[in-house]
There are 2 protein chains.
Amino acid sequence: MISRKLYNRISLLRKERDISRKDLAEKIGVNFQTVGYLEREEYNPSLDLAFKISEYFNLPVEFIFSTKPMKPLSQELYDKTKNQ
Amino acid sequence: MISRKLYNRISLLRKERDISRKDLAEKIGVNFQTVGYLEREEYNPSLDLAFKISEYFNLPVEFIFSTKPMKPLSQELYDKTKNQ
DNA sequence: ATATTTCGTTGTATATTTACAACATTATAT
DNA sequence: ATATAATGTTGTAAATATACAACGAAATAT
């Protein structure tokens, strides 16, 4: 299958919680370089890996990963407040 | 990575919409045997493949795939109505 | 200032997903 | 009843994800 590029917010979420790649990697049970590859968006994770990350951050898969480029959280939040 | 077994509702959703594996496979751009492997839960799809299926059925990834065995839709719906 | 941790990156090996061909079985249509 | 389509399955090849080692650069702590 020709995979589309997938975007993600892993690095952002990780920084918000101030944990290192190594820590995150240990928590979800993968190699720390694998987290690096993911953050650089160099490949598409397996669904199980996506679930592990989603469970760790306690957020839906669709919030962390997307087929379209991610807006910064700040802007997305601002847009949301504006529309209400 | 040692992947957990993932459960899914692909076959159910496909039957609800009365489309064949071949049709679904064409729509999401994979081989029709790949849909077979997925329905038999013989491997974990890539996140991109999961997204394609989720987009096709217009349902969240978490509704279609789960780390825990899926309840029949009928029971899940009944539980929902009971709780309200 | 120096040590330590984290990050970015590259390369190679292994594991897993996906494609594809083949064929028997079951279901559906004519 | 026969043809056609759909399914279940197996095997092999290919593509892609992940592990792991290595190393230099940047950031942080002491």
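Proteins come first, then strands; the chains are lettered A, B, ... in the order of their sequence lines, and each starts at number 1.
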**Student:** Give a yes or no on whether Y78(A) atom OH has more than 12 heavy-atom contacts from other residues, nucleotides or ligands under 6.0 Å away.
**Tutor:**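 No - once you tally the heavy atoms of other residues, nucleotides and ligands closer than 6.0 Å, there are 12 at most.
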
**Student:** Hey, does the side-chain of Q33(A) have a donor or acceptor N/O within less than 3.5 Å of a partner on the base of dA21(D)?
**Tutor:**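 Indeed there is one.
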
**Student:** Just how far, in rounded Å, is C1' of dC7(C) from OH of Y37(A)?
**Tutor:**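 The answer, rounded to whole Å, is 13 Å.
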
**Student:** Please list, in numerical order, the residues of residues 8-20 of chain B that have a heavy atom closer than 4.0 Å to any atom of DNA chain D.
**Tutor:**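 Heavy-atom contacts with DNA chain D come from R14(B), S20(B).
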
**Student:** D48(B) side chain to N44(A) main-chain N or O, any donor-acceptor pair under 3.5 Å?
**Tutor:**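 Side chain of D48(B) to backbone of N44(A), a donor-acceptor pair under 3.5 Å: no, none is there.
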
**Student:** NZ of K22(B) versus P of dT28(C): gap in Å, rounded?
**Tutor:**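 Distance, rounded to whole Å: 17 Å.
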
**Student:** For Y43(A) and dT17(C), what is the distance between atoms OH and P respectively, to the nearest whole Å?
**Tutor:**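 It is 14 Å, rounded to the nearest whole Å.
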
**Student:** Hey, is the main chain of L59(B) close enough, under 3.5 Å, to the side chain of S54(B) for a donor-acceptor pair?
**Tutor:**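 Present.
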
**Student:** Which whole-number value in Å describes the distance from E42(A) CD to dA19(D) P?
**Tutor:**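 To the nearest whole Å, that distance equals 15 Å.
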
**Student:** Given atom CG of L24(A) and atom P of dT18(D), what is their separation to the nearest angstrom?
**Tutor:**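 Value for this atom pair: 13 Å.
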
**Student:** Would you mind reading off the distance between D23(A) atom CG and dT4(C) atom C1', rounded to a whole angstrom?
**Tutor:**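 So the CG-C1' distance, D23(A) to dT4(C), works out to 15 Å.
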
**Student:** List in chain and number order the residues that pass side chain to side chain contact (heavy atoms under 4.5 Å, CB included) with K15(B), two or more places apart in sequence or in another chain; answer none if no residue qualifies.
**Tutor:**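 Here the qualifying residues are S11(B).
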
**Student:** For the side chain of R40(B), counting heavy atoms from C-beta on, which of dT18(C), dA19(D), dT9(D) is nearest?
**Tutor:**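 Of the options given, the side chain of R40(B) lies nearest dT9(D).
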
**Student:** Is the phosphate of dT18(C) approached by N31(B) (side-chain N or O, under 4.0 Å from OP1 or OP2)?
**Tutor:**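 Looking at the OP1 and OP2 atoms of dT18(C), neither is under 4.0 Å from any side-chain N or O of N31(B).
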
**Student:** Only one of I64(A), I19(A), L13(A), I10(A) passes side chain to side chain contact (heavy atoms under 4.5 Å, CB included) with Y56(A); say which it is.
**Tutor:**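 Looking at I64(A), I19(A), L13(A), I10(A), the match for Y56(A) under the side chain to side chain contact (heavy atoms under 4.5 Å, CB included) is I19(A).
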
**Student:** Could you state the atom-to-atom distance from CD of E39(B) to P of dT7(D) in whole Å?
**Tutor:**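 Rounding to the nearest Å, CD of E39(B) and P of dT7(D) are 7 Å apart.
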
**Student:** Report, as yes or no, whether the 6.0 Å neighbourhood of atom NZ on K5(B) holds more than 12 heavy atoms from other residues, nucleotides or ligands.
**Tutor:**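 Buried by this count: over 12 neighbours within 6.0 Å.
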
**Student:** Closer than 4.0 Å, any side-chain N/O of N44(B) to the OP1 or OP2 of dT16(C)?
**Tutor:**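 False: N44(B) side-chain N/O out of range (4.0 Å or more) of dT16(C) OP1/OP2.
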
**Student:** With a 4.0 Å limit, can you tell me whether S46(B) has a side-chain N or O closer than that to the phosphate oxygens OP1/OP2 of dT17(C)?
**Tutor:**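 Checking S46(B) against dT17(C): no side-chain N or O falls below 4.0 Å of OP1 or OP2.
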
**Student:** What is the distance, rounded to the nearest whole Å, between atom CE of M1(B) and atom C1' of dT16(D)?
**Tutor:**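 Distance, rounded to whole Å: 13 Å.
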
**Student:** Examine Y37(A) and I28(A) and state if one hydrophobic cluster contains both, with Ile, Leu, Val, Met, Phe, Trp and Tyr joined whenever side-chain heavy atoms are less than 4.5 Å apart.
**Tutor:**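 Same cluster.
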
**Student:** Using the closest heavy atom to pick a nucleotide of DNA chain D for each, name whichever of V30(A) or F32(B) lands nearer the 5' end.
**Tutor:**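 That would be F32(B).
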
